[in-house]
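Whatever order the structure lists ligands and atoms in, that order sets their numbers, starting from 1. For clarity, every value in this text was computed on a predicted model and none was experimentally measured.
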Amino acid sequence: MQRLFLPLFCVIALTGCGASEGGGDNGGDVETPTTPTTPTEPTTPTEPTTPTEPTTPTEPTTPTEPTTPTTPTEPSSPVDYTVDAALQAPVSLVAVAANQQIVMRWNDAPNAAVYTVYYSTEEITADTSLADLLIAFDNVEGTTYVSPEAYLTNGTPYYVTVVAKTSAESTKVSSFSPIKKVVPQDNGINVADLAQMRELNDTGTRYAVSSDTHLDACEGGDRGAKGQDCAFGRDVDTIASDDVDGVGGFSFSKISSDGSVLTADSEDWSCVLDHVSGLMWEVKEAGDSARGSTLSSGLHDADDAFTWYEPSLSGSGVTDGIQSNVNTPDTCFGYNDTDGFCNTSEFVARVNLTNLCGHSDWRLPSANEFISIINYGNNFARRSTFAVDTNFFPITDDTLVDSYWTASPFYDNSSRAWRVYLRDVRSSGQDLGKINGLSKGTSVGVMLVRTAHE
Ligand SMILES: [Ca+2]
Ligand SMILES: [Ca+2]
Ligand SMILES: [Ca+2]
């Protein structure tokens with residue numbers, strides 16, 4: 001049906017093309033009406049009304065209850081979509097099986113307006129043709145898909161993937177999101193409970209280990225490869241593990257100071273968006289081993305350090321913290337000795353006043369949030385001195401700060417809070433990504449975060 005319309009549409013489009021092709025004719029005098037034959041075609045232009053027919057786009061109005069729940073093998077007829085490699089695909093996808101049902105959630109892809117969910121009972125790979133797949137749902141708004149009840153067969157493996165579209169009418173789609181395999185089963189899972197789930201970042205670990213050393217590939221070791229971190233997760237997903245958007249399974253975008261999404265090779269960026277977690281991170285300016293109100297290059301100077309002071313958290317079982325470092329109070333841009341101090345909450349307030357990357361809801365990250373961007377893949381054998389992808393978070397050897405505050409209170413000692421090491425201070429690798437408790441009156445780094453996508 002779709003194919004039938006295409007020739008008609010082309011004919012219409014070609015009248016415009018014909019004009020341009022005949023441009024040479026137009027270049028001459030207009031008074032040679034010798035070829036009035038073509039103008040007879042205008043009969044077709046009446047048909048343009050039909051192109052709006054693509055009936056499928058109307059489906060989104062009835063989400064979760066599509067057409068033929070009883071015959072999962074023939075839902076909506078295949079749509080004539082073609083892949084446009086320039087479109088950003090969703091870079092994370094998680095799918096969970098339930099009784100004759102699945103729930104899927106993916107990340108928001110930049111510039112995407114709607115998504116189409118594909119599935120097959122045959123294995124899907126990055127090279128599989130769209131024509132070989134079935135559409136579970138076309139033009140999904142939002143980033144969650146729940147199949148209708150009793151839609152799938154328990155015990156049957158289903159492969160699922162999602163593509164992005166810039167509009168419901170577009171026939172261009174992105175390449176595949178990561179591909180997941182699910183087997184519906186009566187496992188007591190209520191799909192509604194999982195509609196807000198997210199895929200987790202992986203660890204960056206791509207080498208196997210034995211009890212006394214590391215190996216140079218993800219094989220061997222004292223334990224079966226199935227039991228090793230390097231053998232599962234986003235870091236080994238053939239679609240997600242490209243290094244360009246972040247080492248292994250990490251998938252970051254650089255964000256400009258005004259909030260626009262930049263390419264990975266951009267050299268001027270202010271924030272980083274983590275597509276998997278949905279968190280956006282402040283990016284520090286390069287360290288120059290100088291800090292203080294007169295030495296710092298600006299608000300985001302990588303060398304600046306702050307005490308932990310969070311009055312807004314008091315009352316939840318933690319103390320406020322220390323407003324100003326007793327011994328060395330001038331450790332940041334914006335310090336003065338009357339009403340401008342170098343502590344976490346004042347730094348948050350100063351950054352929010354500037355609308356960094358178009359937002360004013362920046363805050364101190366929790367310990368779990370901070371750990372989500374740690375690359376643990378290099379924390380042995382001195383493979384690296386930094387526990388984060390420095391293509392996106394440009395820590396250098398000149399940066400004075402080794403560790404960063406989190407908002408998480410330390411257990412059993414309210415004078416401390418958790419901090420995370422992004423740099424190895426002992427050159428043995430053992431500090432990379434380490435977290436421990438630190439006295440709130442100590443001055444260390446702060447890297448702010450905000451929730452970009454729930
Ligand atoms: Ca892993
Ligand atoms: Ca990656
Ligand atoms: Ca500095």
Presence of N, O or S from F232 under 3.0 Å of the Ca ion (ligand 1): yes
Metal-centred angle, the Ca ion (ligand 3) as apex - OD1 of D301, OD2 of D303, 10° resolution: 80°
Backbone or side-chain N/O/S of D304 under 3.0 Å of the Ca ion (ligand 3): no
Geometry at the Ca ion (ligand 2) - G248 O versus D245 OD1 angle, rounded to 10 degrees: 170°
Pair D265, T263: side-chain N/O donor-acceptor within cut-off below 3.5 Å: yes
N343 versus T307, side-chain donor and acceptor atoms under 3.5 Å: no
Where the Ca ion (ligand 1) is the vertex, angle from D202 OD1 to D229 O to 10°: 160°
Residue G246, metal the Ca ion (ligand 2), N/O/S under 3.0 Å: yes
Heavy-atom pair of closest approach, residues E123 and T128: O-OG1, 4.2 Å
The Ca ion (ligand 2) to nearest N/O/S of V247 less than 3.0 Å: no
Contact flag D243/the Ca ion (ligand 2), N/O/S atoms, threshold under 3.0 Å: no
Sidechain N-carboxylate O distance under 4.0 Å for D361, R450: yes
Three-point angle A290:O, the Ca ion (ligand 3), D288:OD1, rounded to the nearest 10°: 90°
G287 near the Ca ion (ligand 3) via N/O/S, less than 3.0 Å: no
Which N, O or S atom of D242 lies nearest to the Ca ion (ligand 2), by name: O
Donor-acceptor pair, side chain of N201 and main chain of V276, under 3.5 angstrom: no
Residue among V163, V173, T143 satisfying side chain to side chain contact (heavy atoms under 4.5 Å, CB included) with Y115: T143
Any donor-acceptor pair under 3.5 Å from K254 side chain to L262 backbone: no
Test item: K284 side-chain N/O and D303 main-chain N/O as donor-acceptor pair under 3.5 Å: no
